[in-house]
Each structure stands twice: as C-alpha cells, then as structure tokens.
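The shown structure was predicted, so the numbers you read here are calculated from the model rather than taken from an experiment. Just so we're on the same page: letters track the sequence lines, and every chain starts at 1.
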2 protein chains.
Amino acid sequence: MRPESPDALDETDRQILAELQADGRITNVELARRVDLSAPPCLRRVRRLEEAGIIRGYHAEVTPAALGFEITFFALVGLETQKQTVLDRFEALVCEWPEVRECHMIRGGGDFLLRLVARDTAHENELTGRLTSADTVQRVQTLQTIRTAKDEAGVPI
Amino acid sequence: MRPESPDALDETDRQILAELQADGRITNVELARRVDLSAPPCLRRVRRLEEAGIIRGYHAEVTPAALGFEITFFALVGLETQKQTVLDRFEALVCEWPEVRECHMIRGGGDFLLRLVARDTAHENELTGRLTSADTVQRVQTLQTIRTAKDEAGVPI
DNA sequence: CCCTCAATGCAATGATATTGCGCCACTGGT
DNA sequence: ACCAGTGGCGCAATATCATTGCATTGAGGG
C-alpha cells in the first residue's frame with residue numbers, strides 16, 4: 001500500500017523546512033531554486049506543511065532592546081503543592097503577563113521555568129516580586145542572563 | 001532639531017513590528033493596509049527596521065516533533081571556575097552541538113542555562129552525559145519539560 | 001512668510017504567487 | 001506483460017505583489 005506514512009517527510013520537505021526556518025521571507029521562486037524544484041510544486045509542498053501543522057507560522061525576530069526590553073531573565077518557580085488545579089491556576093496567571101514569554105512545567109510537578117523580559121532592573125524586581133507574592137508560590141530563583149552565546153529558535157534539520 | 005533620536009520608533013513602526021512578529025510572511029500590501037499606509041512607505045519602513053537591526057530576520061516555526069525531536073529540556077550547568085577562557089571554551093563547545101538551541105550565561109559566572117532538543121530519552125541521556133563529562137564541568141542539573149503552557153518567541157509590543 | 005527636509009501617495013514596471021492542465025513515473029491488479 | 005489509477009512534476013497564463021521614480025504635502029527653522 002503505502003511505503004510510508006502519508007505525512008512522512010522526504011528529503012525535499014526537510015530542505016524546505018531548513019530554508020524556511022533560516023529565512024522565513026524567502027520568495028517561493030528562490031526556495032524552489034534552492035531545493036531544485038519548479039515554483040508550483042514547491043509552493044504546494046509548503047502549503048501541505050503548513051496545513052499539516054508542521055510549519056506553525058512565520059515570525060519576525062525583533063531585537064528586544066529596540067522596544068525597550070533590555071533584560072531577559074529566567075525564573076525557576078516552586079509551588080507549594082502539585083495539585084493539578086493549583087498548577088493550572090499558576091499557569092493561567094503567568095500566561096496573562098505579557099512579560100512572561102515562556103512557561104514550562106518541569107520535572108515531577110510543582111516547578112516551573114519561565115522566561116521573562118523586563119525594561120530595566122526595577123521592572124525585573126517588580127516581576128520577581130509579583131511572582132514571589134503570588135498565591136501558592138513557595139520559592140523563586142531568578143537566573144539573570146549575562147550574555148547569550150546561542151539563541152536559535154528552531155530545531156536542527 | 002530632532003524631537004527624537006533618528007532611530008526612534010513611532011507608533012506605526014511598532015504596529016509593523018507587532019504584525020511581522022505575529023505573521024512574518026504577511027504581504028507588504030496587507031501589512032500596509034493594517035498599519036494604514038500605502039505600500040511603498042510601508043516597505044521603506046520595513047527595510048529601515050531591517051537595516052537598523054531591529055528586525056533581525058524571519059523564521060518559520062517548525063514543530064520539533066515533526067522532525068523527530070520529541071523532547072525539549074533545559075540544563076543548568078556549573079563550571080569549576082569563572083575564568084574567561086574556560087567560559088569561552090565551554091560556550092564554543094556547546095554552540096557546536098546542533099541539539100543545543102540556546103546557551104545563556106547566567107548570574108555572576110560559571111553557570112550556564114542551555115535549552116536542548118533530543119529525539120528520545122536515550123538521546124537525551126547521551127546529551128546530558130556529554131555535558132557531565134565535558135572538561136571543566138562541575139555539575140549538570142537537567143530540567144525536563146513536562147508541558148509548555150506558553151512559548152512566544154518575541155517581545156510584547 | 002519662505003525654505004528645507006522628511007515622509008507620503010500615485011503610477012509604472014518588473015517579479016512573484018497561484019491556478020489549471022497535460023505529462024510522466026510508479027503502483028497494484030488482471 | 002498489460003492496463004488503469006494515483007501522485008507529483010513542469011509549463012503556461014493570470015492575478016497579485018514588490019519596487020522604483022516622482023510629484024505633493026506638512027511641519028519646523030530661518
């Protein structure tokens with residue numbers, strides 16, 4: 001029947017993903033040239049990848065400092081319990097803060113790793129204060145980034 | 001003379017950044033419509049933002065699992081010393097690993113926070129083992145992500 | 001009040017995206 | 001071995017978009 005699953009990716013698909021991950025605004029004509037296809041089938045492949053959810057979207061990478069966000073930091077947050085409703089409530093709370101850019105639940109439960117941005121140290125302090133004083137929060141360890149040697153959004157292809 | 005710095009962003013620029021951060025493949029015509037400009041000045045603003053380094057690039061967001069990377073995890077790595085050459089060497093080392101997607105130096109020195117992707121738990125174990133046995137590495141704490149409630153690449157605008 | 005400069009909009013031109021269609025290769029069944 | 005059926009490709013045509021040149025407009029300075 002089918003030698004591979006219907007959503008399997010061949011080498012050309014991987015090349016397309018690699019190119020679009022590296023430059024999301026490349027023209028379809030140029031993309032087709034790089035993966036050695038003509039434009040129409042190349043575009044059809046891109047559409048298929050988008051519709052399959054393999055490409056979730058395209059984003060401009062904006063320098064945070066240009067918008068006044070000089071500080072990026074992480075916060076390791078421990079909650080008092082591991083009860084699901086408590087975890088859910090904490091997630092819902094911080095997800096509403098625009099300064100929280102990522103919220104990952106880690107390990108067995110009760111712990112979260114957040115990535116946040118702040119305009120300055122006062123803003124940062126305010127954010128950590130808000131975290132510390134939030135309901136059910138037991139401890140907050142902030143990890144201030146001194147410098148970032150690598151920051152690639154995607155995955156290796 | 002100048003009411004604001006030459007690289008200052010007005011409200012239209014911020015709108016452009018917000019739109020391109022949300023959808024990096026939007027056409028210039030559509031972008032111009034949303035920020036209430038005609039196409040040429042809109043494109044000129046985008047080019048200016050790109051050349052000023054405010055827009056660093058555009059990237060497709062690819063689902064890691066589609067490429068076989070089922071696991072994302074973080075690693076807190078402590079080195080034995082804070083000597084600059086040791087820090088630099090560690091950074092150079094892990095930056096060469098494709099599975100390391102982010103490498104942030106944190107706090108006073110000697111500590112790094114890494115974000116990594118792995119195909120499976122065996123791959124993850126191999127990576128943490130490589131970290132643990134790397135030269136000058138004192139300790140490695142892995143933070144396995146159970147679930148991710150929020151993962152926004154950019155900054156609030 | 002005039003001048004200057006920066007930014008805009010319009011119009012024209014060259015590229016690109018998108019669709020329809022025919023062709024070829026491969027697969028499975030006869 | 002032959003014959004559909006299927007999927008993917010390239011070509012060609014058309015709609016849309018990107019990009020450039022140029023005239024106009026409005027705000028601030030002289």
Side-chain angles (χ1 to χ4, degrees), chain A residues 1-63 65-68 153-154 157, chain B residues 1-63 65-68 153-154 157:
Chain A
M1 277 298 188
R2 51 176 66 146
E4 40 191 80
S5 152
D7 55 311
L9 305 180
D10 62 15
E11 190 49 40
T12 302
D13 288 321
R14 288 173 189 276
Q15 276 185 270
I16 287 172
L17 292 175
E19 294 290 344
L20 287 178
Q21 187 173 268
D23 180 0
R25 271 212 109 151
I26 186 178
T27 67
N28 182 60
V29 167
E30 172 65 12
L31 177 61
R33 195 189 62 71
R34 293 194 194 175
V35 304
D36 200 34
L37 274 181
S38 63
C42 184
L43 185 62
R44 283 190 287 261
R45 279 171 180 263
V46 172
R47 293 282 178 266
R48 189 197 311 162
L49 292 168
E50 288 168 355
E51 279 158 24
I54 295 171
I55 295 177
R56 288 199 198 175
Y58 303 88
H59 307 286
E61 181 189 354
V62 177
T63 304
L67 285 153
I157 302 180
Chain B
M1 276 298 185
R2 49 175 67 144
E4 39 192 80
S5 151
D7 56 312
L9 304 180
D10 63 13
E11 191 48 41
T12 303
D13 288 323
R14 287 173 190 277
Q15 275 184 271
I16 287 173
L17 291 175
E19 294 291 344
L20 286 179
Q21 188 172 268
D23 181 0
R25 265 209 108 128
I26 187 178
T27 67
N28 182 60
V29 168
E30 174 64 13
L31 177 61
R33 193 190 63 71
R34 292 194 194 175
V35 304
D36 201 34
L37 275 179
S38 63
C42 183
L43 185 62
R44 282 189 288 261
R45 279 172 181 264
V46 172
R47 293 282 180 266
R48 189 194 312 164
L49 292 168
E50 289 168 355
E51 280 158 23
I54 294 170
I55 296 176
R56 288 198 197 173
Y58 304 87
H59 307 284
E61 181 187 355
V62 178
T63 303
L67 285 153
I157 301 181

* Structure fact -> To the nearest angstrom, the CG-P distance between B/Leu37 and D/dT25 comes to 18 Å
* **Spacing of A/Leu9 atom CG and A/Leu49 atom CG [to the nearest 0.5 Å]** => 6.5 Å
* Structure fact -> Taken to the nearest 0.5 Å, the spacing of A/Thr27 OG1 from A/Leu43 CG works out to 11.0 Å
* Between A/Asp13 (CG) and D/dG7 (P), how many Å, whole number? -> 16 Å
* To do: Could you list the residues that satisfy side chain to side chain contact (heavy atoms under 4.5 Å, CB included) with A/Arg33, not counting sequence neighbours?
  => A/Glu30
* Asked: Atom CD1 in A/Ile157, atom CG in A/Leu17: separation rounded to 0.5 Å?
  -> 5.0 Å
* For the pair made of CZ in A/Arg33 and P in C/dT16, what is the distance, rounded to whole Å? -> 11 Å
* **Interatomic distance, A/Arg34 CZ vs C/dT16 P [rounded to whole Å]** => 13 Å
* Asked: How close do B/Arg25 and A/Ile26 get, heavy atom to heavy atom, and via which atoms?
  -> NH2-O, 2.6 Å
* Asked: To the nearest angstrom, how far is A/Arg48 atom CZ from D/dC9 atom C1'?
  -> 12 Å
* How far does the helix from C/dC1-D/dG30 to C/dT30-D/dA1 bend, going by the axes of its first and last five pairs, to the nearest 10°? -> 30°
* **Residue pair A/Tyr58 / A/Gly24: nearest heavy atoms and the distance that separates them** => CD2-O, 3.8 Å
* To do: Test B/Arg34 against B/Gln15 for side chain to side chain contact (heavy atoms under 4.5 Å, CB included), laying out the working first.
  => CA-CA 8 Å; B/Arg34 292 194 194 175; B/Gln15 275 184 271; over 6 Å; no
Each nucleotide N or O in nucleotides 17-20 of chain C that has a protein N or O under 3.5 Å away: list the pair and distance.
unit_1	atom_1	unit_2	atom_2	d
C/dA17	OP1	A/Asn28	N	2.7
C/dA17	OP2	A/Asn28	N	3.1
C/dA17	OP2	A/Val29	N	3.0
C/dT18	OP1	A/Arg47	NH2	3.2
C/dT18	OP2	A/Arg47	NH2	2.4

* Distance, nearest 0.5 Å, that separates CG of B/Asp13 from CZ of B/Arg45 -> 4.5 Å
